[in-house]
Amino acid sequence: MIFIKSASEIEAMRKAGHVLAGIVDKLRSKIVIGISTEEIDCLAQELILGENALSAFKGYRGFPKSICASINEEVVHGIPSGRRLRDGDLFKLDIGINLNGYFSDCAITVAVGSVNGRARRLVDATKKALDLGIAQARVDNHLMDISGAIQSYSESQGFSVVRDFVGHGIGRDMHEAPEIPNFGQPHTGTLLKEGMILAIEPMVNMGGWEVRLSDNGWTAVTKDNLPSAHFEHTVAVTAGGPLILTK
Ligand code: MG
């Protein structure tokens with residue numbers, strides 16, 4: 001069942017999104033050569049608690065940390081560790097919070113140091129794919145208009161979209177219906193209605209779309225070990241068009 005949020009719930013989620021966007025902005029400036037992903041996690045936890053919020057990830061099905069920290073061929077669900085960022089890494093920060101019972105979820109890919117050529121184009125294309133997906137989050141569009149926009153743009157740039165992980169509805173829970181694949185046939189799927197809130201999150205691979213689970217049981221890695229990029233926003237479907245809450 002897809003929950004339709006009331007105006008007051010949308011307002012609460014707008015706050016959760018705004019707080020998260022501020023945290024992401026602060027973290028972004030710390031993502032530099034030499035920092036370990038555990039240090040980024042600690043900073044994130046401090047910032048989250050400083051806003052009287054809770055990490056949505058810590059403890060989720062036993063996940064041990066406050067953020068997901070995935071590097072290069074790691075697609076999603078990387079676990080922060082002592083590993084330090086190096087020049088040329090693609091670092092994916094995925095972070096969600098619970099503020100007063102409402103969730104927000106956001107991810108960015110940061111090119112660490114100098115990232116050029118195809119890897120840079122992968123990051124730019126994934127960000128653009130998210131923008132194009134968000135633009136379809138309109139009343140009376142179909143859910144797969146979002147999916148199709150993400151897929152067709154990503155593939156037009158020579159990349160592939162991950163099949164095994166999807167975006168999701170969000171609200172009182174981090175993961176609500178509907179699932180939002182990053183591939184699909186436009187003009188199909190659920191009709192979008194005012195008050196739906198969607199976490200739209202393209203995961204785009206430089207090579208093939210297939211992923212495997214790494215030995216830690218959490219982290220998804222590309223099968224061909226080529227890099228992957230990920231961006232995510234929490235978006236409300238409103239009468240006035242898509243409203244990005246995590247901006
Ligand atoms: Mg998400």
Side-chain angles (χ1 to χ4, degrees), residues 2-3 5 13-14 16-21 23-24 27-28 40-41 44 48 53-70 74-80 90-99 101-110 126-127 129-134 136-137 143 146-147 149-151 154 161-184 190 192 196-205 209 211 213 218-221 228-237 242-247:
I2 303 175
F3 295 107
K5 274 75 176 182
M13 292 198 64
R14 202 201 255 270
H18 182 74
V19 163
L20 181 57
I23 291 170
V24 169
L27 290 174
R28 193 194 311 261
I40 299 169
D41 181 71
I48 292 169
L54 294 169
S55 166
F57 295 178
K58 200 177 182 114
Y60 182 84
R61 296 187 183 165
F63 190 78
K65 299 287 184 177
S66 298
I67 61 167
C68 291
S70 310
E74 297 170 347
V75 178
V76 284
H77 307 157
I79 301 175
L90 293 190
F91 176 69
K92 278 104 15 170
L93 166 72
D94 192 354
I95 180 168
I97 62 166
N98 169 354
L99 182 74
Y102 288 93
F103 286 79
S104 54
D105 196 358
C106 182
I108 56 171
T109 298
V110 178
T126 308
K127 194 161 201 258
L130 173 60
D131 292 342
L132 293 169
I134 290 170
Q136 296 298 322
L143 188 67
I146 298 172
S147 311
I150 289 170
Q151 179 181 18
S154 302
V161 288
V162 171
R163 262 62 166 174
D164 303 55
F165 299 94
V166 295
H168 49 93
I170 183 167
R172 286 265 183 197
D173 277 308
M174 184 166 60
H175 294 118
E176 295 183 351
E179 290 193 344
I180 310 169
N182 293 304
F183 60 97
T190 305
L192 300 181
M196 288 181 180
I197 302 194
L198 308 172
I200 302 172
E201 49 177 324
M203 289 150 259
V204 180
N205 292 351
W209 59 265
V211 300
L213 198 61
W218 272 106
T219 310
V221 181
S228 184
H230 180 206
F231 285 90
E232 175 178 25
H233 272 309
T234 299
V235 180
V237 179
L243 179 66
I244 301 175
L245 303 182
T246 42
K247 200 159 162 170

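Counting starts at 1 for both ligands and their atoms, in listed order.
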Non-neighbouring partners of Asp94 that pass side-chain contact (heavy atoms from CB on, under 4.5 Å), sequence neighbours left out: Phe57, Cys68, Asp105, Ala107, Glu201, His230, Glu232

With Val161 via side-chain contact (heavy atoms from CB on, under 4.5 Å) - residues at least two apart: Ile150, Gln151, Ser154, Glu155, Arg163, Asn182, Phe183, Val204

Arg172 to Phe103, cation-pi by 6.0 Å centre distance and 45° axis angle: no

The Mg ion (ligand 1): protein N, O or S atoms that are less than 2.8 Å away, sorted by chain: Asp105 OD2, His168 NE2, Glu201 OE2, Glu232 OE2

Short side-chain to backbone donor-acceptor contact, Ser104 and Ala16, under 3.5 Å: yes

Sidechain-backbone polar pair: Thr109 side chain, Phe91 backbone, donor-acceptor under 3.5 Å: no

side-chain contact (heavy atoms from CB on, under 4.5 Å) partners of Lys58, counting only residues at least two apart: Gln45, Ser55, Ser66

